[in-house]
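Quick notes on the structure that follows.
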Amino acid sequence: MPGSPENIPLGECTLSQSRDQLTPPSRTESTVFSLSRTESVWTTENSPKKSEVFWFPIHLMSTGGSFLACGIIISGLYFAGHCRKVTNILGPALLSIGLMVFVVGVVLIPITKENRKRSKMKKNLKSTLN
């Protein structure tokens, strides 16, 4: 077959011939425009899992909880009378940092839920307007 793309040498093919061979059969609309108008593209989109959405607050809560637990243990060592010089500063510092990071993680959960609801409402509004 002389018209198939495999049999045409590179130097003998003109630009218009190569365009004709690469473009699909004639369509009235472009592919991008037709895909943007179909409902299935917007409605079949998979929503992310809860573990994917809430990974950052969970990570902050676990990190803050770890610091908080270390701070409690080191503060307990201070009050038990072990290593007073090191635990004097380190215990309260770990307690405060751990509590602060843990609370930030706890507060981020309702904020993430609200943002998720808001983005769903925007997607629904866009799909009804199209």
Side-chain angles (χ1 to χ4, degrees):
M1 295 174 87
S4 67
E6 294 87 21
N7 295 335
I8 298 175
L10 292 176
E12 296 176 14
C13 185
T14 63
L15 183 60
S16 63
Q17 285 176 341
S18 63
R19 251 191 220 145
D20 292 340
Q21 291 173 356
L22 291 177
T23 56
S26 64
R27 290 185 177 179
T28 56
E29 299 178 342
S30 70
T31 307
V32 175
F33 182 72
S34 64
L35 284 177
S36 68
R37 298 299 252 179
T38 59
E39 292 287 327
S40 63
V41 173
W42 302 108
T43 56
T44 60
E45 187 176 299
N46 294 333
S47 61
K49 298 177 184 175
K50 286 188 178 184
S51 61
E52 294 172 356
V53 173
F54 296 111
W55 73 270
F56 189 66
I58 290 171
H59 179 70
L60 282 177
M61 287 172 29
S62 63
T63 304
S66 300
F67 273 90
L68 187 63
C70 289
I72 289 171
I73 291 170
I74 292 176
S75 294
L77 289 174
Y78 173 75
F79 289 115
H82 299 286
C83 304
R84 288 221 179 238
K85 289 184 179 181
V86 174
T87 58
N88 186 19
I89 297 172
L90 196 58
L94 287 176
L95 271 171
S96 62
I97 290 171
L99 187 60
M100 179 180 61
V101 173
F102 182 78
V103 168
V104 168
V106 169
V107 169
L108 274 179
I109 289 177
I111 292 171
T112 306
K113 283 182 182 179
E114 186 67 30
N115 286 342
R116 193 172 180 196
K117 285 181 186 178
R118 196 172 290 155
S119 68
K120 281 184 182 179
M121 289 175 53
K122 283 183 182 180
K123 285 180 184 179
N124 290 338
L125 182 62
K126 284 182 181 181
S127 66
T128 57
L129 291 177
N130 288 336

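Under the side-chain contact (heavy atoms from CB on, under 4.5 Å) criterion, V86 pairs with L90, sequence neighbours left out. With sequence neighbours excluded, the residues forming a side-chain contact (heavy atoms from CB on, under 4.5 Å) with L60 are F56, V101, V104, L108, listed by chain and number.
Minimum heavy-atom separation, P57 to G105: CB-O, 3.6 Å. Residues C83 and T87 come closest through the heavy atom pair O-OG1, 2.7 Å. The shortest non-hydrogen separation linking C70 to L94 is CB-CD1, 4.1 Å.
Interatomic distance, CZ of F54 versus CE of M61, reported as 11.0 Å (0.5 Å rounding). Rounding to the nearest 0.5 angstrom, the gap separating the CG atom in N115 from the NZ atom in K120 is 13.0 Å.
L99 and V107 fall within a single hydrophobic cluster, where Ile, Leu, Val, Met, Phe, Trp and Tyr side chains are chained together by heavy-atom contacts under 4.5 Å. Under a hydrophobic clustering in which Ile, Leu, Val, Met, Phe, Trp and Tyr are joined whenever their side-chain heavy atoms come within less than 4.5 Å, directly or via other members, F102 and I97 fall into different clusters.
Grouped by direct or indirect side-chain proximity (heavy atoms under 4.5 Å, Ile/Leu/Val/Met/Phe/Trp/Tyr only), M100 sits alone.
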Before giving the answer on side-chain contact (heavy atoms from CB on, under 4.5 Å), spell out for L68 and L95 the whole-Å C-alpha distance, their side-chain angles and the decisive distance to 0.1 Å. CA-CA 5 Å; L68 187 63; L95 271 171; 3.8 Å; yes
